[in-house]
Amino acid sequence: MDQIALDTWRRVEGSRLPGRRFDETSVTDSNLDALRAQVPGLLIWQSSQSKERETGADWEWWIGDDGAGWLCVRMQAKRAYPDDAYSQLGHGGAAGDRFQYDTLIRGCDPDQGRYPFHVFYNGWPEGTFCPGTYWAVPAFWNACPNMADYDKCGHVEPRHYGCAIASSRDVKRLCDVEGHSRYSIVAHLSKALPWSYAFGFPPPNRNREQRWDPRIEHGSWLDRIHATLQVLDGSGASGTRDAAGHLPNVPIDPNRRTFDLPDYVQSMRRATPGVFEPGTEEEVPAAPRTVIVERRVKPNRVRRR
């Protein structure tokens, strides 16, 4: 995911040149294809029919299994523009909602393990916000999960923010304040972090093999992801540094997950990944792209004598 973020950065930065315009949809498709090629257990379906207008989601992640429950992350993608703003954040919502982010938030219930996030596609020339670096102030002060200054952090570099995520609730809080900075890159990146961190903060020593910071004592892989999403969505944490400080103390209730999957997810699990054509209205997916990460239970082996 960090490598894809670097590639996205180069693409968005290059788009500032004449004749190289593109939209969020093309970046999303490219990034999900790259993930699919690198992660065998990641399954992706794409549909020409979806309820994107009703949900505000560009894609969904479903993570879990039938025994432990499921987590759902609905993503809305926005790209950085040369005016140093996420100009499309003011897109209108559905069903009486003023903005698209209102629609996204309304459809996600944390008590069912469903979370709304924005992913920002970033890229700009060195020195755009801070001389001699790609960093956007104040994001660089919040970048390290282990409280090191940005120039001493071994976990992240500024172009990992090529794909940066932020809670849609933080996005709403910033956008609902009238003023010229409501859509500014600097304002929103102060609440954001590299998208790979949604699935676990790295340990203090970058060379360690495990992804999880040992301070997080939650037992299973799903518990740890649940803790991370819960902190990012509901704690009011500002950036990576602040969020990491909350992680060890997050109480996880497995009952606050989804155990009854929507019809379209059930149908996808029975179908080959790729193009998905819904057979009924109930099978129309919430977003144009659906990603499923499922840990399949291994059958118990009978020992032979």
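Fair warning: this is a prediction, and the values are worked out from it, not measured in the lab.
Residue pairs satisfying the salt bridge (Lys or Arg N to Asp or Glu O under 4.0 Å) criterion with at least one member in residues 34-58, sequence neighbours excluded, are listed as follows: Asp33-Arg36.
Between the side chains of Thr280 and Asp263, no donor-acceptor pair is found at a separation under 3.5 Å. Remark: the Asn122 side chain and the Tyr86 side chain contain an N/O donor-acceptor pair separated by less than 3.5 Å.
With hydrogens and angles disregarded, a donor-acceptor distance shorter than 3.5 Å links the side chain of Ser220 to the backbone of Asp223. In this structure, Arg159 contributes its side chain and Tyr134 its backbone to no donor-acceptor pair below 3.5 Å. At distances below 3.5 Å, not a single donor-acceptor pair connects side-chain atoms of Thr103 with backbone N or O atoms of Gly56.
Only one option out of Phe120, Tyr121, Trp195, Trp135 pairs with Tyr161 in a side chain to side chain contact (heavy atoms under 4.5 Å, CB included); it is Trp135.
Rounding to the nearest 0.5 Å gives a distance of 12.0 Å between CE of Met1 and NE2 of His160.
Using a 4.0 Å cut-off between charged side-chain N and carboxylate O, Asp84 and Arg16 make a salt bridge.
Between Ser168 and His118 the shortest heavy-atom distance is OG-ND1, 2.8 Å.
Under a cutoff of 6.0 Å and an axis angle of 45°, Arg79 and Tyr81 form a cation-pi pair.
Separation of the Trp61 and Phe199 ring centroids falls under the 6.0 Å cut-off.
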